[in-house]
Amino acid sequence: MKKNVFRDSVTASPWQTIGKPEVGTATNLTEIFDTVIIGAGITGITTALMLQQAGQKCIVLEAGNVGYGTTGGTTAHLNTFFDTTYPQIESDFSKEAAKLVAQTGKDAIAIIKGYIDRYQADCDFEYKDGYLYSENERETKELKEILESSAEAGVEVEEASENGVKVPFESVIRFGNQAQFHPMKYLSTLVKAFTDMGGIVLENAFVTDRKSKDGLSEVITDKAQIKGRNVVYATHLPPGITAFSLRCAPYRSYVIGARLKNEQYPHGLTYDMQEPYHYFRTHEIEGQKYLIVGGEDHKTGHDNPEEAFANLESYLRQYYEVESIDYRWSSQYYVPVDGLPYIGPMAAADEQVYIATGFNGNGMIFGTISGKIISDQILGIENPYSQLYSPSRLKPIAGFSEFVKENADVAWRFVADRFGTEELKAVADLKPGEGKVVEFDGDRLAVYKDAGGKVTALSPVCTHAGCIVNFNAAEQSWDCPCHGGRFDTSGKVLCGPPQKDLEQIALPQK
Ligand SMILES: Cc1cc2nc3c(=O)[nH]c(=O)nc-3n(C[C@H](O)[C@H](O)[C@H](O)COP(=O)(O)OP(=O)(O)OC[C@H]3O[C@@H](n4cnc5c(N)ncnc54)[C@H](O)[C@@H]3O)c2cc1C
């Protein structure tokens, strides 16, 4: 299996074979920037480019490298239909909202295509048909509703007679003018355009805090303190405990890149309606075609990641003759409590701090449109999406049951973690590459044994909200089940809202 270190994970996605995008040297860090953007994924870089193009002086601060987060581990389908379906949007928001969401998809794809044309980006962009299919009576009924609502919202959609893959189906609909691309080639193009215009990207700069002073924000990183008039958190959740920790639930999603024994690669973008769902597409990487199949999602820190990969592989092998599996990776996304993302000023009273989060599995679209919404808001330009995606929107009814469920889960964890009395195995039981939370000398420890047999111990208490982390063997990380904070085996923050690493514990020598 291919490995690399350019991501917040140990597994490699095929997008990283091109290496890390060039960012040049970051200079003039002491000047006052118009906008400080935190996070160098598609959201942060699109926002930075749009503002720099409008004449602003911008800096992007990134904990790892460009594409280190989910953008480096995405599957890069560009859709006009979303994880929150049009019938759901109609019933939880309104028919008008459904139309605006449909327009979001079209606008975002047009923005992406516009940049590709403008900068002549060689990023494998192709328009595709998208197929959504049902496999039983209940799904067929739901599919019919999706067809009707999608059409009414203004999306190009119709009944179809094929689903583009070898999975039998009951009913299928086809969405026109969907697309796919190579996300890291695209991101590299945007980064080059941004830095060519004088924009600065500071990598390996983990942001721990922000302070307001004299009408400016001071953003604290472990490398430098950066001053700016506006701040954009393009980090999924902002660091620390905020309302967004409760409004967005972290999920991990699994993907396989497989070579097939024959040429039966799917020609479109195909999705089933199972829960969790599966999806397919094809991409050529360095001259070799790959079938990309994804799914088996679950809440971060819950369920077994290795089992998720095994399930995905057996699902794939049910339908396709696999020559080899060359890529197997997972990444994280955030599900918003009422189904739509939060994009705009973080608080109604503070127009200088912005957030873009809760994209579900549709962040290529929502990350791109965030760039447009937030740059318009900073530049004082009216944007038709401001209200719909406002982070301050009040939705007491929509999504309420999900909200309660997500937070009940967090509450349960707190209780179970404090009073759980499960007998835990001794350190010596660990196999190489395995980690466990064990009881040791009366304390609970997150213990890991590396391939060479060296045992390290950490405090298992997540530095974000105090939940107990679980070991993720597939990604060799400690994952928090509450808000999706993830740490590597040395305790270093990989992603999510924690601001501090897990505490290292010196093990007594025997
Ligand atoms: C497996 C998978 C498949 C997906 N497939 C699709 C798809 O087909 N189509 C689609 O539209 N969407 C898809 N998504 C969703 C989409 O990939 C994401 O929503 C999108 O990439 C998010 O981009 P982003 O820039 O907001 O976040 P990221 O790309 O995660 O970037 C955030 C950056 O912020 C940095 N950061 C975080 N905290 C700090 C800090 N404190 N200081 C400094 N930097 C920090 C991180 O290192 C990271 O680089 C998928 C998601 C997953 C998990």
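Keep in mind that the numbers below use all heavy atoms, side chains included, and drop hydrogens, waters and symmetry copies. Remember, it's 1-based here, ligands and their atoms both numbered in the order they're listed.
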Derivation of the side chain to side chain donor-acceptor pair (under 3.5 Å) call for Thr47 and Tyr354 = CA-CA 11 Å; Thr47 310; Tyr354 297 81; over 6 Å; no
Would the Tyr271 and Phe81 ring centres measure less than 6.0 Å apart?
-> yes
Phe169 and Tyr131: aromatic ring centres closer than 6.0 Å?
-> no
State the atoms of ligand 1, each with its element, that fall below the 4.0 Å cut-off from a heavy-atom position in [X].
X	result
Tyr279	3 (C)
Ile365	11 (O)
Thr235	34 (O), 36 (N), 37 (C), 38 (N), 39 (C), 45 (C)
Ala205	42 (N), 43 (C)
Gly69	29 (O), 30 (O), 48 (C), 49 (O)
Val255	1 (C)
Ala76	7 (C), 8 (O)
His77	7 (C), 8 (O), 9 (N), 10 (C), 11 (O)

Hey, are [Y] and [X] close enough side-chain-wise for a donor-acceptor pair under 3.5 Å?
X	Y	answer
Gln352	Ser217	no
Asn311	Tyr254	no
Asp107	Gln103	yes

Report yes if some N/O of [X] lies less than 3.5 Å from some N/O of ligand 1; otherwise report no.
X	value
Gly64	no
Thr70	yes
Ser331	no
Gly44	no
Tyr333	no
Thr43	yes
Ala63	yes

Tell me, with the steps shown, if Thr11 and Glu475 meet side chain to side chain donor-acceptor pair (under 3.5 Å).
-> CA-CA 6 Å; Thr11 55; Glu475 292 291 2; 2.6 Å; yes
Quick check: are the SG atoms of Cys462 and Cys482 less than 2.5 Å apart?
->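 Judged by the SG atoms alone, which are 2.5 Å or more apart, Cys482 and Cys462 are not bridged.
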Measure from NZ or CZ of Arg118 to the centre of the six-membered ring of Tyr115, then state whether that distance is under 6.0 Å and the direction lies within 45° of the axis.
-> no
closest protein heavy atom to atom 35 (C) of ligand 1 is Glu62 OE1, 3.3 Å
Given the rule in the side-chain contact (heavy atoms from CB on, under 4.5 Å) test, do Phe244 and Tyr233 qualify, once you have shown the distances and angles that lead to the verdict?
-> CA-CA 12 Å; Phe244 299 97; Tyr233 282 108; over 6 Å; no
Can you list the steps and then say if Glu126 with Lys128 is a side-chain contact (heavy atoms from CB on, under 4.5 Å)?
-> CA-CA 6 Å; Glu126 281 179 80; Lys128 293 274 175 184; 3.5 Å; yes
If we set the cut-off at 4.0 Å for heavy atoms, which region of [X] has an atom near ligand 1: side chain, backbone, both, or neither?
X	value
Asn79	neither
Ala234	backbone
Thr221	neither
Phe359	side chain

Measuring from [atom], which candidate in [options] has the nearest non-hydrogen atom?
atom	options	result
atom 1 (C) of ligand 1	Gly41, Pro341, Gly39, Gly73	Gly73
atom 17 (O) of ligand 1	Val60, Ile42, Thr74, Thr75	Thr74
atom 11 (O) of ligand 1	Arg281, Gln180, Met364, Gln332	Met364

Indicate yes or no: does Asp501 engage Lys492 in a salt bridge with an N to O separation below 4.0 Å.
->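 No, no charged N to carboxylate O under 4.0 Å.
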Charged N to carboxylate O below 4.0 Å: is that the case for Arg229 and Asp34?
->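 Here Arg229 pairs with Asp34 in a salt bridge, since their nearest N and O are under 4.0 Å apart.
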Please verify whether a non-hydrogen atom of Gly294 lies at under 4.0 Å from ligand 1.
->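 In this structure, Gly294 fails to qualify as a contact of ligand 1 - no heavy atom is under 4.0 Å.
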Distance-only, no hydrogens or angles: does the Arg247 side chain make a donor-acceptor pair with backbone N or O of Pro391 under 3.5 Å?
-> yes
